[in-house]
Structures are given as structure tokens and as C-alpha cells.
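Working notes, beginning with the structure itself.
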Amino acid sequence: MKLQAVKGTFDILPDAQPYWHHLYSAAERVLTRAGVRELTPPVFEHSDVFVKSAGASSDLVVQKEMYTFTDAGERSLTLRPEFTPGVLRAFVEHGMYTLPAPVKLWCKGPIFRAEKPQRGRFRQFHQVDCEFLGLASPLVDAEAVTLLYRVLGACGLKNLTVRLGSVGDPEDARAYNSYLRDELGKRATELSEMSRERLRLNPMRVLDAKDEGDQKIVGTLKRPLDFLNDEARAHFGAVQRFLTDWEVPFEIDDSVVRGLDYYRRTAFEIHHAGIGAQSALGGGGRYDGLVESLGGPATPGVGWAFGVERVLDAMEQDGVEVPRSPGPTLFLVPMDDEAISEVAKLASELRSSLSVHHAYSRRNPGKGLRDADRSGARFAGLRGERERERGVYTFKNLRSGEQHEVSEADLKTFLGARLKDVR
Ligand code: AMP
């Protein structure tokens with residue numbers, strides 16, 4: 001059998017790395033400035049962490065999208081299908097609820113879901129995730145939305161749309177769900193199979209249906225916002241006022257409901273015009289009860305996550321330019337056998353302060369300089385019998401073509417003087 005990457009997974013090749021670095025460093029810059037601290041949870045957890053927090057009706061559980069396995073110690077473990085539960089497990093385990101609120105945490109890394117692979121949908125993909133714990137104030141919802149918008153802006157994206165909705169408090173959601181059960185129940189035979197299943201488990205998720213027939217039916221219904229109680233309505237209003245005040249553009253979209261049961265009040269998504277059907281780059285919302293379900297004290301929270309692959313796709317659509325990794329400062333060319341170990345030793349010394357590559361076998365000067373050029377180096381240093389006799393290296397500036405000898409004794413000073421303005 002020819003071994004290949006598992007379906008739904010992919011390699012991030014060296015040429016792609018600068019884009020990933022660009023994205024992660026933009027996230028780190030924006031979030032760190034806002035006092036959000038990085039936490040790295042393990043890739044797998046006890047399955048209970050995800051099962052307890054996801055709620056019985058979530059897609060992850062219902063559609064068996066979790067990679068769950070039993071280890072040699074008969075423990076049921078799961079590769080994380082999202083960050084939030086693991087972060088909250090860590091929050092509880094390390095007693096972070098005693099820290100001044102809000103406790104702001106972010107993480108990055110791979111996520112695993114056993115979904116059907118298609119464009120923009122993988123089985124191992126990556127997310128940047130952010131959680132704000134401990135305050136119920138709309139100020140925190142607005143800060144969360146703003147930081148999501150700013151991180152993606154810092155990645156170089158334009159054409160971003162924030163869609164903002166509210167699912168109200170649990171009693172509003174209950175009232176709305178029972179309204180949906182009544183209305184959709186009457187037309188259940190016209191719904192797709194997936195929507196019928198959602199209708200049974202969590203009717204609000206039918207609003208998310210991709211099926212056109214379902215969407216036609218959904219279009220005739222009242223919306224979650226029609227069911228908000230006064231406090232939830234005031235909260236939603238306050239979030240909007242902060243966002244307007246902070247010049248974060250958004251549109252109200254009351255079809256934004258999140259896939260998991262624990263969301264309440266604010267729900268949001270961020271979309272990009274260029275990436276087709278899967279246009280959601282990320283989303284999030286306010287949740288409640290999640291920290292308790294993991295054994296901690298009652299703690300309100302807001303969180304979001306975005307998909308790194310989708311954002312990279314959007315960056316490509318927007319023509320975002322990312323600095324390429326530069327070639328080495330110096331490329332050393334051994335021109336006889338004795339020089340091979342000489343240049344390797346010199347490279348190893350110089351690497352404490354410079355990026356230095358070299359050829360691993362003897363080269364004639366023409367071929368050696370071509371290798372140096374191809375590596376993207378700024379300078380080439382040639383060493384052969386003639387140089388050894390004179391105790392020098394022949395240096396060539398690969399941009400200007402200027403060439404001269406430098407004695408071994410002067411080598412470091414020469415490089416220091418010539419290269420400090422380079423790197
Ligand atoms: P979710 O945690 O389902 O709200 O997803 C948040 C974001 O992660 C989505 O908006 C996508 O950008 C990304 N995402 C979710 N599932 C996948 C997947 N299977 N493959 C790639 N990206 C995904």
C-alpha cells in the first residue's frame with residue numbers, strides 16, 4: 001500500500017509556513033495587547049470533558065464527529081473537536097476562577113472532527129480560540145467580537161462582515177423552541193432528514209439548515225429576536241452600542257445560532273466575501289453553565305474560534321502579501337575536499353549570529369556560486385587550495401557582484417561590519 005496522509009488531513013509544507021506564522025503572530029500581537037494570555041491545553045482529554053459540555057443535542061455528539069478511542073488503561077479519550085471544553089477544564093483545575101475577572105485566554109492548534117472531507121472541511125484542521133471568563137457584562141461580549149474582528153484585520157483581511165444575533169436566555173430559547181416545535185411540527189414531512197433530527201433534539205438548529213426547501217420554510221417563521229425578554233434585549237442593545245462606538249461594523253442577523261446547547265444571549269459569526277459556501281471564518285457567543293458542568297463554580301463566559309485554513313484561504317483571495325523567509329546571509333562553497341570540513345566548521349561557528357548555509361561536497365566556483373544564488377544568499381564565501389595557502393576566503397557579494405579576499409583573522413570583523421546592516 002502506498003502510504004499517504006490520512007483523508008481529511010494535510011501537510012503544511014515549508015513554502016506555506018510564512019502564511020501560518022503571519023497569521024499566528026497577528027493573533028498573538030492583537031490578543032496580547034488586549035491582555036489575553038495564551039494557554040495550551042492537551043490535544044486529547046477524557047471524553048467526558050467534551051460529552052458533558054457539548055450537550056446531548058450537539059452535532060459533535062449526535063453525528064458522532066468526535067475521534068474517541070479507548071487507551072490501554074481502558075480510559076475513554078477524545079481528540080479535541082473544539083477548544084472551549086479543554087480550556088474550561090484547565091480553568092477549573094487550576095483554580096483560575098480566583099483571578100480577577102474577566103480571565104482572558106487564547107489558544108491555537110489542531111482540532112479533530114470526523115466529518116466528511118470537502119473543500120474547506122477537514123478532519124484535522126486548526127483553530128485560534130479565545131475565551132473571556134467571569135463577567136456577564138455586555139462590555140465583554142463587545143470586546144470579544146471586536147478582538148475577533150481585529151485579529152482577522154491584522155491578518156490583512158478586508159471584506160469582513162460581522163453578523164450579530166442573540167438567542168436570549170434559556171427561558172426565551174425554550175419558548176422559541178416550543179414555538180418552532182409547533183410550527184415546524186406541522187410541516188415536518190416537508191423537512192430534510194437532518195432538520196427533522198434537529199427538530200427533535202434542538203429545534204433552533206433548524207434555522208442553520210443548508211437545505212433550500214428547509215430555508216424556504218424557515219423564512220416564514222418568527223425569529224429568536226422576537227422572543228427576547230427585556231433584560232436580554234437590553235444586553236443585546238448594549239453590545240450593539242459598544243460596537244458602534246468602537247467602529248466595528250456589524251449587521252444584525254438573527255439566523256446566527258450556534259451549534260452547541262450552552263449558548264445564551266449574544267451569538268456572532270464573522271464571514272468573508274471571497275471563500276464561497278463555507279463563508280464563515282469563525283464565530284462564537286456567550287455561554288453559561290459550562291464551567292459548572294465541568295465541576296467549577298457558576299461562571300459566565302464568552303468565547304470564539306476561527307478556522308485557520310479558512311482564514312488562509314481568505315487571505316489568498318484578498319491577495320495578502322506575506323514576507324517570504326529570507327535566504328541565508330552567507331553561503332559557503334568548498335572547492336576541494338579539505339575545504340568541506342573547514343566550511344562546515346566555520347558555518348557552525350557563524351550560526352551563533354548569522355544564517356549560514358554551505359555545500360556538502362566540493363564544487364567548482366561556477367556551480368558553487370549558482371548554488372549560493374539559488375539559496376537566496378546575500379554573500380558567497382569560497383574556499384579552495386589557493387585560499388588555504390593564503391589564509392583567506394574569497395567573498396562575493398551576490399547582489400553587486402563585487403568580489404575580494406578576506407583573511408581568516410579578519411573574517412569575523414569583516415562579516416560583522418558588512419552584515420550588521422543586512423541581518
Ligand atoms: P465551530 O467550532 O464549528 O463554530 O467552527 C469555527 C470555525 O472553525 C468555522 O467557522 C470554520 O472556519 C472552522 N471549521 C469548522 N469545522 C471545520 C473543518 N471541518 N475543517 C476546516 N475548518 C473548520
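Numbering of ligands and ligand atoms starts at 1, following listing order. Computed from a predicted structure; not experimentally measured.
What you find for V30 and A154 is that their closest heavy atoms are CG2-CB, 3.6 Å. What you find for C107 and F83 is that their closest heavy atoms are SG-CD2, 3.5 Å. Scanning both residues, E183 and L221, for their nearest heavy atoms gives CB-CD2, 3.7 Å. Summarising the geometry of A209 relative to S195, their closest heavy-atom pair is CB-OG, 3.5 Å, with the distance given to 0.1 Å. Taking each heavy atom of V239 and P138 in turn, the nearest pair found is CG2-CB, 3.7 Å.
Under the 30°/60° scheme for interplanar angles, the aromatic rings of Y179 and F227 are found to be tilted. The aromatic rings of W304 and F306 lie parallel to each other, with less than 30° between the two planes, well short of the 60° mark.
Annotation: F122 places an N or O atom under 3.5 Å from an N or O atom of ligand 1; distance criterion only. Any N or O atom pair closer than 3.5 Å counts here, and A280 shares at least one such pair with ligand 1. Every N/O-N/O distance between A305 and ligand 1 stays at or above 3.5 Å.
Among G120, A114, A314, P81, the residue whose heavy atom lies nearest to atom 21 (C) of ligand 1 is G120. Distances from atom 15 (C) of ligand 1 to the heavy atoms of F125, F306, F112, W304 put F125 nearest. Among K116, R113, R119, H272, the residue whose heavy atom lies closest to atom 3 (O) of ligand 1 is R113.
Residue contact check for ligand 1: E115 places a non-hydrogen atom closer than 4.0 Å to it. Proximity of E309 to ligand 1 is not established, as no heavy-atom distance is less than 4.0 Å.
Ion pairing between a basic and an acidic side chain is recognised when a charged N comes within 4.0 Å of a carboxylate O; D169 and R265 show such pairing.
In the vicinity of G307, heavy-atom distances shorter than 4.0 Å reach the ligand 1 atoms 7 (C), 8 (O), 12 (O), 13 (C). Close approach to G282 involves these atoms of ligand 1, each under 4.0 Å from a residue heavy atom: 10 (O).
Contacts between L281 and ligand 1 below 4.0 angstrom, taking non-hydrogen atoms only, involve the backbone exclusively.
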